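First the structure, in the form of structure tokens, and then the observations on it.
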Amino acid sequence: ERLKDDEHVVRDAVEQNGSALEYASARWKDDKDVVRAAVEQDGSALQYASARWKDDKDVVRAAVEHYGWVLIYASERLRDNKEMAQVAMKTCRGILQVVSNRLRDDKDFVQTAIKENGYSLQYASARLRYDKEVALVAVRRVGTALKYASERLKDDEDVVEAAVRSVGTALEYASERLKDDEDVVRAAVKQNGLALEYVSNRLRDDKDVVQAAIKKAGLSLRYASKRLRDDKEMVVLALKRSGGILGVVSNRLRDDKDIV
């Protein structure tokens, strides 16, 4: 206990390993110079600082400049400070996880965050997850962010088409209506043939749709209708792109010398 309260021991320790602040006495956890040295060495040391310094702009800025995610250890006031959050964002792609609810509902801030990480849409406020403009920013960054959009936007042609043009398999998160929409489905399978897995039964039996999917990924034949898995033209096309699909073709075609 004596060493934990020894100034020279504590200073040397935190300069070598900022997280050593955890073991310092309460007196040094409340000393600005010691805390500042600790967070400059390891931003996560902020969690061991006294409440006073978790609410100090200089100390918190020093911590988040290199480790943005440690903003989560700052006071509620500073997690609600837009300027501080913008500093943290530079080194934290998931900044929306650690900021205040007010900033999660700040459209400009949220759009900036999801331009860096589309998946951050999941941490935006409910209001902004219903915002088409915000959703478009997210799905254009990464199509599968569609998962975190509102149900209404999962049924919006513009949002879903933007998503599947980015990542074809984002079709998984679209509404049932749009999984049966020819334009949306074509865009999806042209980006990734394996998106055929999420297509409606009707379009899995559409020769043009299935052909487009197979041209991107021969293995997508496994998701085609039973009728098209018995279509010689489709099977030959798939085999040219993948030799591992014989297990899904019809018994009739497995006995076809041209196929085998």
Side-chain angles (χ1 to χ4, degrees), residues 18 39-40 42-47 49 51 53-175 178 184 187-188 191-192:
V39 299
E40 286 180 346
D42 181 352
S44 67
L46 183 64
Q47 66 188 296
W53 300 121
K54 289 179 179 180
D55 191 50
D56 182 272
K57 277 189 175 183
D58 291 337
V59 169
V60 173
R61 180 184 288 270
V64 303
E65 279 181 340
H66 301 294
Y67 309 91
W69 65 270
V70 304
L71 184 63
I72 196 170
Y73 300 124
S75 66
E76 289 186 18
R77 182 180 73 90
L78 292 183
R79 285 192 288 111
D80 189 50
N81 183 291
K82 191 170 182 177
E83 180 186 355
M84 190 67 68
Q86 287 170 332
V87 172
M89 188 189 299
K90 294 177 182 178
T91 54
C92 179
R93 297 180 69 243
I95 190 64
L96 289 183
Q97 296 180 64
V98 301
V99 298
S100 68
N101 289 335
R102 185 183 69 85
L103 289 179
R104 292 180 184 183
D105 193 50
D106 181 308
K107 187 170 179 176
D108 290 338
F109 183 78
V110 168
Q111 285 186 304
T112 301
I114 62 179
K115 281 177 183 177
E116 294 297 317
N117 180 4
Y119 291 126
S120 289
L121 181 62
Q122 66 186 296
Y123 302 109
S125 68
R127 180 181 74 88
L128 292 182
R129 291 200 303 275
Y130 274 87
D131 187 296
K132 183 173 179 175
E133 186 178 357
V134 170
L136 282 169
V137 172
V139 299
R140 284 169 178 160
R141 184 71 178 85
V142 54
T144 44
L146 181 63
K147 177 178 180 179
Y148 305 110
S150 68
E151 293 303 314
R152 178 174 62 81
L153 293 177
K154 290 177 180 178
D155 191 50
D156 182 288
E157 289 88 345
D158 295 333
V159 172
V160 173
E161 191 159 347
V164 300
R165 287 186 184 280
S166 171
V167 178
T169 54
L171 187 65
E172 175 182 2
Y173 306 111
S175 67
L178 293 182
V184 170
Q191 199 286 322
N192 185 338

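We number each residue from 1, following the sequence as shown. Note that this is a predicted model, so its numbers are computed, not measured.
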Salt bridge (charged side-chain N to carboxylate O under 4.0 Å, His left out) partners of Glu76, counting only residues at least two apart: none

Between atom [atom1] of [X] and atom [atom2] of [Y], what is the distance when rounded to the nearest 0.5 Å?
X      : Y      : atom1 : atom2 : answer
Lys90  : Glu65  : NZ    : CD    : 8.0 Å
Leu171 : Leu146 : CG    : CG    : 9.0 Å
Leu153 : Ser175 : CG    : OG    : 11.0 Å
Leu121 : Lys147 : CG    : NZ    : 12.0 Å
Tyr173 : Glu151 : OH    : CD    : 12.5 Å
Leu46  : Leu71  : CG    : CG    : 8.5 Å

Salt bridge (Lys or Arg N to Asp or Glu O under 4.0 Å) contacts touching residues 108-128 (sequence neighbours left out): Asp105-Arg127

Atom of [X], atom of [Y] and distance for their closest heavy-atom approach:
X      : Y      : result
Lys82  : Asp106 : NZ-OD2, 3.2 Å
Val99  : Ala85  : CG1-CB, 3.8 Å
Val39  : Ala45  : CG1-C, 4.1 Å
Val110 : Arg104 : CG2-O, 3.2 Å
Ala162 : Leu136 : CB-CD2, 3.9 Å

Contact list for residues 129-142, test side chain to side chain donor-acceptor pair (under 3.5 Å), sequence neighbours left out: Lys107-Asp131, Lys107-Glu133, Lys132-Asp156, Lys132-Asp158

Within a strict 4.5 Å, meaning less than it, do heavy atoms of the [X] and [Y] side chains meet?
X      : Y      : result
Val164 : Gln191 : no
Tyr119 : Thr144 : yes
Glu83  : Arg61  : yes
Lys154 : Val159 : no

Of all residues at least two apart in sequence or in a different chain, which pass the side-chain hydrogen bond (donor to acceptor under 3.5 Å, both in side chains) check with Lys54? none

What pairs with Ser75 under side-chain hydrogen bond (donor to acceptor under 3.5 Å, both in side chains), at least two apart in sequence or on another chain? Asp55

Scan side-chain atoms only and decide if Tyr148 and Ser120 contain a donor-acceptor pair under the 3.5 Å cut-off. no

Not counting sequence neighbours, which residues clear ring-ring contact (aromatic ring centres under 6.0 Å, His included) with Phe109? List them please. none

So, the side chain of Thr91 versus the backbone of Gly68: is there a donor-acceptor pair under 3.5 Å, distance only? yes

